[in-house]
Amino acid sequence: MLFPYFAPMLEGKKILLGISGSIAAYKSILLVRLLTKAGAEVKVMMTSAAHHFVSPLVLGTLSNNKVITELFNEDQWSNHVMLGRWADVMLMAPLSCNTLSKMANGACDNLVLAVYLSATCPVVVSPAMDEDMWHHAATKKNIEWLQSIGHKVIPVGNGALASGLYGEGRMAEPEAIVQFLEENIFRGSALKGKKAMVSAGPTYEPLDPVRFIGNHSSGKMGFALAEALYMQGADVVLVSGPSTQQVAYKGIVVKRVQTAAEMFETCSALHADMDIEIMSAAVADYSPETMQVEKIKKAGNAMQVNLVKTTDILGWLGAHKQQQYLVGFALETNNEKEYAIGKLQSKKADMIVMNSLRDAHAGFGHDTNKVTIFTSNGGEHSLSLADKSIIAKQIIVNIIQQIHEA
Ligand code: CTP
């Protein structure tokens, strides 16, 4: 089976970016760069006040489109209706207090507002203003009005403001704006209504209050899988062992655990409701029989620690399988296929994603991975070395195909 090319979420999307007069307009340069890098087509419009803060030349060059500023100039009229209809989303970033007030009141005294009033696409705004203006009753009323007609408001940040004060009102960072668009405007629906659980990262098995037995798993693969499931519309719970990773999307529920026992407790409690379960965590197979209450002092030349087997979470989920599509991971150094197929059967999994330690740049500690997917219906598909986020999307597409074929 051929894997469909997995287009980035923003590829080919038409984004109309309106920039109004705020010091935060300098951030729109990076925003345009991120959007175009993600494959979006960006057209920039600016109010006249915005020209004080950022140059149309820079924005035009980065967006590959002439920046639109005037409704009329000497020899042409900008067709605001067609611009509003062209876009998949209209994004106002930064949205100044003044332009917010005009939008909320239906004013139409510049090109950006004329386009806004003609736009038939979803509208997203990213406000930027001083804290006192942000908290003013008039601003609150205007924001609430925009929300009441279905516009989406990207939360403002907290931090240093242009006035020298410190507080709420900063425009969201460009990366957060891109993630907001992905999550709120361009999220897919192939798994809408499905509940999914992913385990990720290592587990730490404590020996005493300061030491543990752990492993080098970063959690990157599991986090990427949770994000890919979520972006296909699933409701996702991510059960993560100790990891510095953060999820990109606010809608993913993250449960942080430390030990294999805690991971088992959390996963088994969630199991009954799940439709898809992906166990990508590197769970410790053995844990110290007892955790010493006080720090262990060194004594003698050798030390014995009694280890006891942890519960095999994937195995338990397989043994209690009902409606769930169950996916496990296998990290092998030799006889890869044989061991992977063995795990598919012994754990009653529907799919095993196999990593081989013989492949360079794959698995633990790398940003890239190279895997082979084995399915219980005899399928075997190799995915070439790619960024873990791409591999995750390909695995999820394969799961969607398997679920639909079943
Ligand atoms: N797994 C689990 N709970 C455990 C151990 C592993 O859920 N206590 C899951 C992992 O998340 C992964 C799969 O089981 O999906 C790995 O299978 P396993 O047979 O445990 O692999 P190894 O630990 O590598 O075992 P072996 O050393 O026997 O190959």
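Nothing here was measured: the structure is a model prediction, and the numbers come from that model. Each ligand, and each atom within it, is numbered from 1 in the order the structure gives. In this chain, residues are counted from 1 in sequence order.
- The shortest N/O to N/O separation between Ile313 and ligand 1 falls below 3.5 Å.
- In terms of heavy-atom proximity, Lys195 sits nearest to Asp273 at CD-O, 3.5 Å.
- Listed by atom number, the atoms of ligand 1 under 4.0 Å from Ala281 heavy atoms are 10 (C), 11 (O).
- Protein heavy atoms are found inside the 4.0 Å sphere centred on atom 25 (O) of ligand 1.
- With hydrogens left out, the protein atom closest to atom 22 (P) of ligand 1 is Lys343 NZ, 3.7 Å, a heavy atom.
- When only modelled atom types and interatomic distance are considered, Thr375 and Asn377 share a side-chain donor-acceptor pair under 3.5 Å.
- Under the 4.5 Å side-chain criterion, counting only non-hydrogen atoms from C-beta, Leu161 is in contact with Arg170.
- Interface atoms of ligand 1 facing Thr310, defined by a heavy-atom separation under 4.0 Å, are 8 (N).
- Nearest to atom 23 (O) of ligand 1 by heavy atom, out of Asn355, Asp285, Leu326, is Asp285.
- Taking every heavy atom of Met279 and a limit of under 4.0 angstrom, the matching atoms of ligand 1 come to 11 (O), 12 (C), 15 (O).
- Of all protein heavy atoms, the one closest to atom 1 (N) of ligand 1 is Asp312 OD1, 3.9 Å.
- A donor and an acceptor atom, one from each side chain of Ser389 and Asp387, are located under 3.5 Å apart.
- The atoms of ligand 1 that sit less than 4.0 Å from any heavy atom of Gly328 are 15 (O).
- Shortest non-hydrogen contact noted between Asp350 and Gln324 is OD2-O, 3.6 Å.
- Scanning all protein heavy atoms for the shortest distance to atom 12 (C) of ligand 1 gives Phe329 O, 3.1 Å.
- Remark: ligand 1 atoms within the under-4.0 Å shell around heavy atoms of Leu314 are 2 (C), 7 (O), 9 (C), 13 (C), 14 (O), 15 (O).
- Scanning all protein heavy atoms for the shortest distance to atom 17 (O) of ligand 1 gives Lys347 NZ, 3.2 Å.
- Counting heavy atoms from C-beta on, the side chains of Gln323 and Asp275 come closer than 4.5 Å.
- Between His271 and the options His320, Glu277, Lys321, a side chain to side chain donor-acceptor pair (under 3.5 Å) holds for only Glu277.
- Scanning all protein heavy atoms for the shortest distance to atom 4 (C) of ligand 1 gives Val283 CB, 3.5 Å.
- Between Lys297 and Glu294 no salt bridge is recorded (no basic side-chain N to carboxylate O distance below 4.0 Å).
- In Arg85, the CZ atom is not crowded: 12 or fewer heavy atoms of neighbouring residues, nucleotides or ligands sit closer than 6.0 Å.
- Of all atoms in ligand 1, numbered sequentially from 1 with element shown, those under 4.0 Å from a heavy atom of Thr311 are 3 (N), 4 (C), 8 (N).
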